Amino acid sequence: MNQYFDLTRYLQLPVLASEHGRKVDALIIFVHWLMIALFIGWIIYFFYAIYRFRKSRNPKADYVGAKTHASTYIEVAVALVEGVLLLGMAIPLWAKSVDKFPSEKESTVLRVTAEQFTWNSRYPGADNKFGKQDFRSASSTNPLGYVADDPNGKDDIEPPAKEIHVPVNRPVIIYLTSKDVIHSFQLDNMRVTQDAIPGMRIPTQFTPNRVGHYRIQCAQLCGSGHSGMFGEFFVDTSEDYAKWQAEKLKSKGTSATVFE
Amino acid sequence: MQHTHDDKHHAHAHDEHAHHELGFWAKYVFSTDHKVIGIQYAITALIFLFFGFSLMMLMRWQLAYPGQGIPFVGSLLHNLLGDAAPAKLNDAGQVVGYIMSADLYNAFGAMHGTIMVFLGIVPLAFAAFGNFVVPLQIGAPDMTFPRINMASYQCFVVGGVIMLVSFFIPGGAAAAGWTSYSPLATLGSSHGQTFWLIGMVFLITSSLLGAVNFIATIIQLRAPGMNWMRLPFFVWAQFVTAFLLLLAFPPLEAAAVMQLMDKVAHTSFFLPTGLVVSQQIANISGGGSPLLWQHLFWFLGHPEVYVLILPAMGIVCEVIANNTRKPIWGYKSLVYSTLAIGFLSFIVWAHHMYLTGMGTKISTFFQTTTMIISIPSVIILTCFFISLWGGSIRFNTPMLFCLSFLPMFGIGGLTGLPLGFNYSDLFLHDTYYVIAHFHYIVAPGTIFALFAGIYYWYPKATGRHMSEFWGKVHFWLSLLFMNLIFQPMFVQGMAGLNRRLYDGGATYAGVANPAGGVVVGVPQFFLDLNKMISHAAWALALAQIPFIINFFWSIKKGRKVDSDNPWQATTLEWQTPTPPPHGNFPVVPNVYRGPYEYSVPGHDTDFTPQNEPDRVAPKITQPLPK
Amino acid sequence: MEIPYTVKPRPDTGLYNAKVGIWLFLASEVMLFGALFSSYILLRVGAAAGTWPHGLLNVNLGTINTIVLITSSITVVMAWVSLKLNQWGKFKMYQAVTLLCALAFLGIKSAEYKDKFTHFQIIKKDGTYVDGHMHGAAYLDKDGKSLEVHKYHGLTFKENGSEYSLKEVTLNGIGAEELGQINEPKHGEHHEHKNISVPAAEIKKIENYGPWHSTYLAIYFTLTGLHALHVIGGALVIFVLWARGGKMWRTDPERYTNRIEISGLFWHFVDLVWIFLFPVLYLL
Amino acid sequence: MSEHDTHHDVSKHIRGYLIVFGALLVGTVLTVWASHFHFGREGSNVGNIVVALIIALTKAFLVAGYFMHLISEKKLIYSVLAFTGFFFAGLMFLTIWSMHPSSIIHFK
Ligand code: HEA
Ligand code: HEA
Ligand code: CUA
Ligand SMILES: [Cu+2]
């Protein structure tokens with residue numbers, strides 16, 4: 001039954017790799033059913049009408065024309081369907097994704113600071129606390145403006161730019177901000193898009209459920225390098241992720257052990 | 001104005017008078033005659049349309065063949081714009097061509113949007129057709145404020161020139177998208193954005209003057225008996241459009257002033273605290289908000305899109321009624337839907353901002369209003385569709401364009417729905433799906449309606465017809481290529497290809513995924529569509545040649561009209577001499593009936609002009625103006 | 001063929017063209033200033049604690065200017081009435097007063113602007129502030145001889161080349177530990193102003209109270225500047241009608257009276273905007 | 001209204017205009033005077049804002065109503081201004097509402 005209504009194959013959406021993504025696709029597909037229905041219906045009527053009432057076949061027009069209320073019913077129907085999709089899916093789903101965040105303990109939490117033209121991720125490290133970020137202390141040596149003498153920051157992990165790792169099947173919470181202009185963090189395969197706006201720190205969440213290597217796109221014009229502002233997003237098995245994290249912590253050298 | 005009240009006594013001999021006493025300049029350049037101004041607007045806007053299209057054709061080259069030398073005009077661009085179009089060297093180090101830099105691509109993109117919207121469609125659909133047709137259709141001698149009308153055109157030209165000049169200043173034209181989001185728009189060191197803002201202030205002023213004039217004209221100068229429900233739908237569309245411009249543009253003007261302050265007086269209206277420029281905290285007071293700009297921009301932005309479509313719908317309505325030879329079905333619902341659209345369009349704007357971190361309450365509000373506003377559009381289209389039923393349809397060029405408008409707008413409008421739901425916009429936002437959505441509305445939608453308007457009213461303006469044959473060639477080719485251009489963009493968008501990508505998405509070209517063979521990024525197939533689209537776009541340009549030639553050739557050589565009312569239409573503009581003299585109507589017309597009285601049973605012809613006296617004695621609802 | 005209803009009102013609407021026109025125009029003006037007022041609220045609500053100055057402007061001058069504008073409003077009305085009553089002389093007199101009020105308003109406003117541009121704030125390297133009006137700046141010439149520059153010109157202190165270098169800046173005002181003390185003076189208590197000299201070496205940043213200084217000043221200058229432009233525009237129109245209206249008044253008095261009414265409507269709107277600007281910018 | 005004004009009833013208006021003028025002056029003084037007190041809760045100036053706005057709105061009403069003849073204006077102009085007022089309210093309210101911190105996605 002369901003697969004008949006499933007347009008994914010025809011719409012050619014990118015590979016799906018997150019839990020809530022299913023619902024995004026579902027909404028897209030339902031709306032397209034509405035559109036297709038209206039389109040087919042009207043287009044058939046349309047061609048029939050211009051064929052049937054062409055001048056050569058119908059030399060004398062009818063002053064009154066159609067005496068039907070069908071149109072009213074169609075309009076009401078459209079309104080109803082839109083209402084259903086709105087109340088049934090769009091509103092509650094949005095509420096869920098922006099109001100109901102998983103607790104930080106059950107999830108992988110990271111900060112992403114966008115800048116022209118790259119993505120910088122940062123993990124809280126062993127203490128699960130981020131260092132203080134204050135752009136007033138930004139400098140060429142400290143591009144992300146993390147306050148040097150903040151104990152919480154000592155064990156934070158900073159992978160190379162453009163690189164993000166998360167474990168599979170565990171909620172991810174990303175705090176997004178930007179140094180300079182507005183960027184937009186878009187992960188097609190996760191069905192996630194969120195603007196990174198300077199002066200704001202906006203959280204976004206999703207649960208990757210498919211191991212793989214995906215692409216972050218910048219979805220907001222941000223200057224000459226916009227088209228090249230991609231990022232590598234790795235969804236690892238929990239083992240691989242643990243390994244990766246461990247070596248990152250080690251590579252931090254002493255600073256990680258200072259606070260043991 | 002001079003010759004509008006000084007010579008009330010010999011108003012009769014007026015047009016000769018105009019001929020003899022007005023020199024070329026007074027008659028064609030500094031004219032206060034709404035018809036001349038309308039034509040000035042039309043020509044200027046068409047040229048801008050073509051210019052905006054040309055920018056896009058160059059961009060399409062870059063999208064199809066990223067980083068390859070631009071054919072034909074490459075060196076020209078290099079000479080005009082310098083390093084914005086840098087040389088491409090081969091291994092031997094000699095120049096093999098000139099390519100488009102990322103900055104140039106962004107500048108062209110921003111200016112394509114700006115020019116098409118503010119210098120192309122609005123002046124053509126609203127100012128040109130409005131000026132030429134509205135006073136004629138309501139039986140007025142001219143606009144209420146002829147000199148303000150002229151001033152409005154002049155502001156428009158000044159704004160346009162400023163925009164054009166900005167291409168040639170150091171650093172080039174504005175490159176932050178037609179939406180000019182801060183901080184990007186503000187931080188850029190070049191003056192292109194400053195020019196853009198100043199240009200916009202002029203264009204906005206022009207539109208405001210125009211809007212005041214239109215509304216006042218429609219309220220004050222309706223001929224006796226022309227009460228509201230007897231107005232042709234086109235006039236209604238222009239009326240609502242004028243209100244949209246009047247009330248939605250000023251906030252953008254305010255925003256433009258503030259962004260201008262940010263650029264020249266180094267204020268921080270749209271710049272937050274703690275902005276980092278070249279690894280240093282920016283030397284600004286901070287405390288501003290980037291979102292404020294977006295709100296003010298889209299408060300105009302959304303009404304603006306209805307400014308782009310309503311006049312088109314008006315034209316379509318006129319032409320359909322005329323060529324089905326029957327009244328429009330549901331005239332009243334058309335009018336009320338239009339008013340509803342106008343009203344609602346002020347409270348949906350933030351559907352362009354779903355992903356700026358919007359909480360549940362706000363997005364609920366805005367997506368609800370967005371869905372509500374789609375209903376009146378559905379009603380309008382439905383009325384047009386049903387109007388076909390029972391007609392005696394003539395397939396001349398204007399009608400062909402209008403008929404194809406219906407499904408084209410339909411597609412564009414319907415694809416607005418998945419964007420209107422925030423949860424699906426989550427995926428579709430900023431993809432080519434959005435581009436395809438609105439281009440279906442403005443290009444094969446609005447532009448087709450405007451073509452129809454040109455073919456339809458051309459005889460009234462010049463006294464000659466444009467060639468039907470070449471008109472049909474123009475139509476079929478345009479229809480074909482428009483769809484070849486924009487249909488694939490839906491596909492690309494669904495596949496996750498983003499807009500505003502300088503390299504056409506090459507950066508995201510799909511790669512085999514080490515973990516589990518899944519392809520990440522955009523599969524090559526969807527990138528290859530770019531080539532196809534671009535070729536279609538260039539072909540579309542060729543398809544315009546018959547039109548351009550037809551347009552100019554027919555002025556002198558076109559088939560003469562056999563009467564003042566060649567289409568056998570009912571509305572007042574066809575009840576004047578052709579072309580209408582200065583002052584339009586020899587005697588003030590008197591209106592007895594609704595706009596679309598075609599095929600009235602028992603009437604000897606199949607059309608009954610609005611001003612044809614009833615068999616019964618006419619009852620004049622108003623005294624004639626003195 | 002003449003355009004109807006340029007003078008006589010159209011029966012069904014009861015309005016002559018220009019009346020409709022001006023009200024439509026004023027509607028768009030409402031949206032223009034409305035957007036700026038909204039921005040004001042947003043910036044103020046969003047301002048970080050201590051950064052929004054209170055009592056920065058001179059309330060007395062503001063009050064005087066308000067009264068000046070109100071006066072000009074009543075004279076505009078009376079001018080129109082005098083025309084209605086066919087009293088050309090009185091009309092001339094009233095509009096003359098209006099124009100004088102306009103000049104007075106602009107004069108006072110520019111004095112206020114000048115005051116802001118000569119008001120400076122110094123952020124010292126140790127993080128404390130000195131805030132007050134420019135008293136003077138001392139420079140060293142290239143062979144180290146110091147020369148007093150009592151009059152201050154220019155907005156920023158460029159070390160002008162090899163010629164001179166800045167030695168110290170003297171402000172007449174107060175010193176403060178943090179911004180709050182400057183921006184939110186406790187009610188009643190008054191710091192007395194004294195001359196404070198700051199050596200160039202201690203200056204981290206010096207900036208005058210131009211629009212760039214804070215979002216408050218940004219919106220202040222934008223709103224009042226735009227309003228001042230409206231005053232100028234309105235005054236020009238009124239002046240032209242006043243100076244060269246005699247002919248039309250003799251040939252077509254009704255049309256002339258209408259024009260006075262229209263220009264009056266615009267003038268009242270300008271007054272109306274100020275009625276909101278004054279409390280919002282000066283008192284709250 | 002201008003058209004059917006006979007000299008007589010225009011001169012009748014003059015007194016009204018002068019009264020309004022006086023009221024405006026009083027209002028101006030009042031609002032300045034009021035700004036010296038603190039209304040409402042400690043540490044919040046909402047009270048003062050309300051007071052100042054009430055006075056300003058009254059003055060605005062007087063100017064618009066009498067100097068601009070709005071109280072005796074034609075229906076058409078009322079409707080234009082009604083729409084303008086509505087859209088202005090929409091702009092201000094919706095923008096402020098959308099940008100209020102509580103309307104932006106938060107966590108914790
Ligand atoms: C004239 C222009 C125009 C028009 C009329 C519309 C109409 C609509 N638009 Fe569109 N829109 C734009 C121009 C326009 N838009 C532009 C320029 C942008 C991009 C701006 C930018 O970012 O650069 C945009 C972007 C845009 C977005 C933001 C997307 C994003 O950036 O993420 C959204 C989201 O809600 C949206 C929604 C809608 C909706 C719901 C309508 C509705 O009003 C549509 C209602 C119409 C219908 C529902 C069709 C009804 C027809 C039938 C039922 C008959 C069908 C019959 C047949 C097909 C034969 N539009
Ligand atoms: C009214 C608005 C309008 C119109 C009509 C068009 C028309 C077209 N647009 Fe445009 N477009 C925009 C508004 C418009 N566009 C906007 C707002 C953007 C977003 C910009 C941004 O990202 O900031 C955009 C972006 C945009 C992009 C995306 C670029 C990117 O994101 O990187 C593309 C890509 O192909 C494109 C293509 C086209 C094409 C092929 C046409 C064609 O349909 C052109 C058709 C034109 C004609 C057929 C010309 C007709 C005129 C004549 C024939 C002249 C005759 C002259 C005389 C008789 C004197 N447009
Ligand atoms: Cu970052 Cu686009
Ligand atoms: Cu929109």
Side-chain angles (χ1 to χ4, degrees), chain C residues 7-9 12-16 19-20 23-24 26-31 33-35 37-39 41-42 45-46 54-55 59-60 62-63 66-67 70-71 73-74 76-78 80-81 84-86 187 254 257-258 261 264-265 267-269 271-273 275-280 282-284, chain D residues 1-7 10-11 13-14 17-18 20-22 24-25 27-29 31-32 34-38 45 48-49 51-53 55-60 62-64 66-70 73-77 80-81 83-85 87-89 91-96 99-101:
Chain C
V7 180
K8 290 255 168 273
D12 59 351
T13 60
L15 298 160
Y16 58 90
K19 189 80 161 281
V20 180
W23 274 111
L24 289 168
L26 291 184
S28 79
E29 291 280 70
V30 169
M31 293 307 281
F33 282 99
F37 271 109
S38 315
S39 312
I41 297 175
L42 283 159
V45 172
H54 294 272
V59 176
N60 298 338
T63 317
T66 314
I67 294 171
I70 293 175
T71 318
S73 261
I74 182 75
V76 163
V77 179
M78 294 312 290
W80 173 74
V81 171
K84 282 274 169 200
L85 299 175
N86 217 323
H187 246 309
E254 199 170 346
T257 316
N258 288 347
E261 185 182 14
L265 282 171
W267 191 258
H268 294 311
F269 176 80
D271 180 18
L272 211 123
V273 171
I275 285 179
F276 286 98
L277 283 182
F278 173 57
V280 161
Y282 287 74
L283 302 178
L284 295 177
Chain D
M1 62 188 297
S2 47
E3 69 282 29
H4 47 65
D5 275 333
T6 72
H7 290 185
V10 173
S11 45
H13 288 146
I14 296 182
Y17 293 140
L18 293 176
V20 171
F21 176 55
L24 289 171
L25 292 181
T28 311
V29 178
T31 186
V32 175
S35 68
H36 291 303
F37 303 94
H38 186 279
N45 57 356
N48 293 53
I49 293 178
V51 173
L53 275 188
I55 300 175
L57 285 169
T58 328
K59 291 169 72 183
L62 290 174
V63 173
Y66 294 92
F67 287 177
M68 302 171 88
H69 312 307
L70 260 189
E73 200 37 278
K74 297 287 171 297
K75 209 166 96 284
L76 186 104
I77 288 180
V80 169
L81 293 182
F83 277 107
T84 312
F87 292 139
F88 167 41
L91 169 65
M92 180 168 317
F93 170 73
L94 287 175
T95 321
I96 292 170
M99 288 178 62
H100 189 274

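Convention: sequence-line order gives letters A, B, ...; per-chain numbering from 1. Keep in mind that what you see is a predicted model, and the values were worked out from it rather than measured. Hydrogens, waters and symmetry mates are skipped; everything else that's a heavy atom, side chains included, is used.
Here CZ of D/Phe87 is found 8.0 Å from CE of C/Met31. Values are rounded to the nearest 0.5 Å. Between C/Ile67 atom CD1 and D/Leu24 atom CG the span is 11.0 Å, to the nearest 0.5 Å. Taken to the nearest 0.5 Å, the CG atom of D/Leu57 stands 4.5 Å off from the CZ atom of C/Phe276. Of the inter-residue distances, the one linking C/Ile41 atom CD1 with D/Met99 atom CE reads 12.0 Å to the nearest 0.5 angstrom. Note that CG of D/Leu76 is 6.0 Å distant from CG of C/Leu15, once rounded to the nearest 0.5 Å. Distance check: D/Ile14 CD1 to C/Ile74 CD1 gives 9.5 Å after rounding to the nearest 0.5 Å.
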Which is it for C/Trp80 and D/His13 under the ring pair (Phe, Tyr, Trp, His ring centres under 6.0 Å) test, yes or no, and what are the steps along the way?
-> CA-CA 12 Å; C/Trp80 173 74; D/His13 288 146; 8.1 Å; no

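Within the 4.5 Å cutoff, no side-chain heavy atoms of C/Val76 are placed close to those of D/Phe67. Counting heavy atoms from C-beta on, the side chains of C/His268 and D/His69 never come closer than 4.5 Å. Proximity of D/Phe21 to C/Val77: side-chain heavy atoms (C-beta onward) are nowhere separated by under 4.5 Å. No side-chain heavy atom of C/Val59 sits less than 4.5 Å from a side-chain heavy atom of D/His36.
Only the side chain of C/Leu42 comes within contact range of chain D, with at least one heavy atom under 4.5 Å from a heavy atom of that chain. With a threshold of 4.5 angstrom between heavy atoms, C/Val45 does not approach chain D through any atom at all. For C/Ser73, the parts lying under 4.5 angstrom from a heavy atom of chain D are both the backbone and the side chain. Residue C/Thr71 touches chain D through both its backbone and its side chain, counting heavy-atom pairs closer than 4.5 Å. Residue C/Ile70 touches chain D through both its backbone and its side chain, counting heavy-atom pairs closer than 4.5 Å. For C/Phe269, the parts sitting under 4.5 Å from any heavy atom of chain D are the backbone and the side chain alike.
For D/Leu91 against C/Ala35, the heavy-atom pair with the smallest separation is CD2-CA, 3.9 Å. The minimum heavy-atom distance linking D/Met68 with C/Trp23 is given by the pair CE-CH2, 3.8 Å. For the pair C/Ala27 and D/Val80, the tightest heavy-atom approach, listed with the atom from each and the gap, is CB-CG1, 4.2 Å.
Here D/His38 pairs with nothing under the side chain to side chain donor-acceptor pair (under 3.5 Å) rule; sequence neighbours left out.
No more than 12 heavy atoms of other residues, nucleotides or ligands lie within 6.0 Å of OH in D/Tyr66, so this atom counts as exposed by the packing criterion.
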